[in-house]
2 protein chains.
Amino acid sequence: MDTPSRLAGPPAVVTARALARRLGVSQSMVSRAFSPGASIAPEMRARVLRAAEELGYRPNVIAAALSRRRSSIVAIVMAELTNPFYPAVLERLTAALQAAGLQSLLFTVPPGQPADSCLPLLRQYHVDAVVITSASLTSAGAAEWLGDGRAAVLFNRTAAGPTPLDSIACDNLAGGRAAAEALLAQGRKQLAFVAGRADTSTSQDRERGFRAMLAERGLPPPLRVEAGDFSYESGHRAARSLAGRADGIFFANDILALGGLDALRHDAGLRVPEDVAVIGFDDIPMGAWPAYRLTTLRQPVPAMVARTVELLQARLGGTAGPPTGERLPAELVRRGSA
Amino acid sequence: MDTPSRLAGPPAVVTARALARRLGVSQSMVSRAFSPGASIAPEMRARVLRAAEELGYRPNVIAAALSRRRSSIVAIVMAELTNPFYPAVLERLTAALQAAGLQSLLFTVPPGQPADSCLPLLRQYHVDAVVITSASLTSAGAAEWLGDGRAAVLFNRTAAGPTPLDSIACDNLAGGRAAAEALLAQGRKQLAFVAGRADTSTSQDRERGFRAMLAERGLPPPLRVEAGDFSYESGHRAARSLAGRADGIFFANDILALGGLDALRHDAGLRVPEDVAVIGFDDIPMGAWPAYRLTTLRQPVPAMVARTVELLQARLGGTAGPPTGERLPAELVRRGSA
DNA sequence: AGAGCCTTTGCATCCGTATGCAATCACGCT
DNA sequence: AGCGTGATTGCATACGGATGCAAAGGCTCT
């Protein structure tokens, strides 16, 4: 007597063979009925599909993956799920992949660590492609992965060095420039930049854009504080060290900026935006809350996700040119902090 | 000439057969070297493992899944990734599963919808088990899934009705009581409860506990507002309707409470905790931020995750009793809002 | 030395689907 | 009527590992 909750051996599933036998056709026909573009008569396909519906047959994806040597599974590697920007990305990404007939296998790596440590596992699971976000891949890792004929896309990161990796990010350079422009337009004199993880392309590019704009205007470079990572606490710390020394601060991302805002207001007793203006980057939901009203640069997440999935499909279909590094424009969202 | 970025057909992988041939043994031996507890001489195993290391052989999980009829893949179904409580759960859960040799296939469903719509997909992917969080399963769905001999665990939800589903949650009843106790101990006279999604066990149980404690003390029941869902905006709205009418508000979770705090302070111009005390539930990171300093009931996420994985492993191993509904204790975290 | 037993190994087959190739069929054309 | 052509279909096998069963080897004990 098994309780229903007990795992009672392999479940009885309807296989393609069983369905075929029942219809008096060969198993191949069942398989072809489910492969778009296969050689099969329309009536036959209809007959098979109807019977499949009735008997509850669904192709076994595992078996198909083994046979076709392609799993329809995409790995998503994430390092910073605690930064509220990424859950939103993850949600949209899995939804978009799901809509494209792909499933998402989720892997996490410690922040700052390259995604290389996941590769063996990815290989074991024969995932077709990997989307790496809030992390990167060493050149060696990339070469190894791509050399195997698999696809990889960096999301919200750009490839460091000559790795032939596709990447989708927003135009952090232009975003950095826009931040500088917005602060200068308000007559801020002493600007500052708070960097996140120093080794991330996001922080670097945003800073480069910011500095470039100041340089073009013939202004001195901004003060600079390195927060060390992308966290509320680090932003808090960074802002404390900057309090009173700057009247316009551009944080490498929103979560830093929120920490910064709290430090400026609660610890340093400054008024934002009167005493000091603050601009972030990402546009996370909390930035819009009345307690913060953070002016920020909005990343076009829906567009970025859509392009990622398109790119992935192109690569998986074999139709794709050389690796691209796409940059979608960020949009300045003016709220109360600047 | 293929560019390295082009998907160039099936990658060349080392198979168990190839490795076996190279060692002059049978493929079975390679297989057994990788299955703990298999009948194989220790030296043979060592030899195989060393050779595997050298040649970069890793068992093909897809093939193993097909053969063993068990995939080592656990589906995680989530509905509310935008509530910051869940990303943290997701991160810990995937990490814990990964450590247990299981992978996480992520599915999302619209909030409020039962997870049933994922079942066909889960079945297709032959996942061994499913962890459902911030969503539930209809009795029919549960019966179907469990009847197939698969495992399911509700996380942070309890089963509605007589479904034989395992569930791991925190003790929401006791948490609700503790919230009431804390507010009463401060001399608050007019208490209120802000419900989230009315059909969730979390909101219901927290409310029941809250009311029970008031009843025990011989006090009238609290005011009650139904926010409708678990979101910042709903909390904001709910609190506005409560402003001035209550001096102690218990929100069904933190994200509601944060919205509520902002409404009370910025819209209603009230002082927290002087004019009105606020207590939340979950302990999300933002609650600790200086802008909020939210007093709340902390869910023991690490323990809940650990128990979930243990339970899953027991079920998958076939050693497990009847379905359990475990309740881990919540801890009151006193901060500035109450 | 022979019998009995346990351990280790190989053999063969199965998991469920995809697909190249050959066979079949219908149809149109000369 | 005979043949060519294209569309369908079935057959057989591959994908990479897991595993029941029997064979082989080593050991102890009588």
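Proteins come first, then strands; the chains are lettered A, B, ... in the order of their sequence lines, and each starts at number 1.
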Problem set entry | Earlier contact from the 5' end, DNA chain D, for L66(B) and S28(A) | S28(A)
Seminar exercise, completed: Of I40(A) and R17(A), the one whose nearest nucleotide on DNA chain D sits closer to the 5' end is I40(A)
Exercise. Does the dG16(D) base have a donor-acceptor partner in the side chain of R68(B) within less than 3.5 Å?
Worked result: no
Problem set entry | dG10(D) OP1/OP2 closer than 4.0 Å to side-chain N/O of S26(A) | yes
For this session: State, to 0.1 Å, how close P36(A) and R45(A) come at their nearest heavy-atom pair, and which atoms those are.
Result: CA-NH2, 4.3 Å
Exercise. Would one find a side-chain N or O of R70(B) under 4.0 angstrom from OP1 or OP2 of dA18(D)?
Worked result: no
For this session: Using a heavy-atom cut-off of under 4.0 Å over every strand shown, decide if T15(B) touches base, sugar-phosphate, or nothing.
Result: sugar-phosphate
Exercise. Nearest-Å distance, CE (M44(B)) to P (dT7(C))?
Worked result: 17 Å
Seminar exercise, completed: One should read off an interatomic distance between R22(B) CZ and Y57(B) OH, to the nearest 0.5 angstrom, of 15.0 Å
Exercise. Within the structure shown, what part of the strands sits under 4.0 Å from V25(B) by heavy-atom distance: base, sugar-phosphate, or nothing?
Worked result: sugar-phosphate
Problem set entry | Distance in angstrom units between M29(B) CE and dT19(D) P, rounded | 13 Å
Exercise. Closest to the S31(B) side chain: dT8(D), dT9(D), dA18(D)?
Worked result: dA18(D)
Problem set entry | Donor-acceptor contact below 3.5 Å, side chain S67(A) vs main chain A63(A) | no
Exercise. Starting at CD of E43(A) and ending at P of dA26(C), how long is that distance when rounded to a whole Å?
Worked result: 13 Å
Exercise. Any side-chain heavy-atom pair from L66(A) and N60(B) closer than 4.5 angstrom?
Worked result: yes
For this session: Taking only the side-chain heavy atoms of A64(A) (C-beta and beyond), determine which of dG10(D), dT8(C), dA18(C) contains the nearest atom.
Result: dA18(C)
Problem set entry | OP1 or OP2 of dC15(D) under 4.0 Å from side-chain N/O of R69(A) | no
Problem set entry | Closest listed nucleotide, where the reference is the side chain of Q27(B) and the choices are dA18(C), dC11(D), dG17(D) | dG17(D)
For this session: Would you mind reading off the distance between L23(B) atom CG and dT9(C) atom P, rounded to a whole angstrom?
Result: 12 Å
Exercise. CG of L19(A) versus C1' of dA18(C): gap in Å, rounded?
Worked result: 16 Å
For this session: Would you indicate whether the side-chain heavy atoms of L165(A) and P323(A) approach each other to under 4.5 Å?
Result: no
Exercise. Between E310(A) and R307(A), is there a salt bridge with N-O shorter than 4.0 Å?
Worked result: yes
For this session: Could you check how far NE2 of H126(B) sits from C1' of dG16(C), rounded to whole Å?
Result: 8 Å
Problem set entry | Along DNA chain C (nearest heavy atom to each residue), the more 5'-positioned of Y57(A) and S39(B) | S39(B)
For this session: To the nearest Å, give me how far apart CZ (R21(A)) and P (dT17(C)) are.
Result: 12 Å
Exercise. Which part of the nucleic acid, if any, lies within contact of R58(B), taking any heavy atom under 4.0 Å across all strands shown: a base, the sugar-phosphate backbone alone, or nothing?
Worked result: sugar-phosphate
Exercise. Roughly how many Å is it from CZ in R45(B) to P in dT8(C), rounded to a whole number?
Worked result: 10 Å
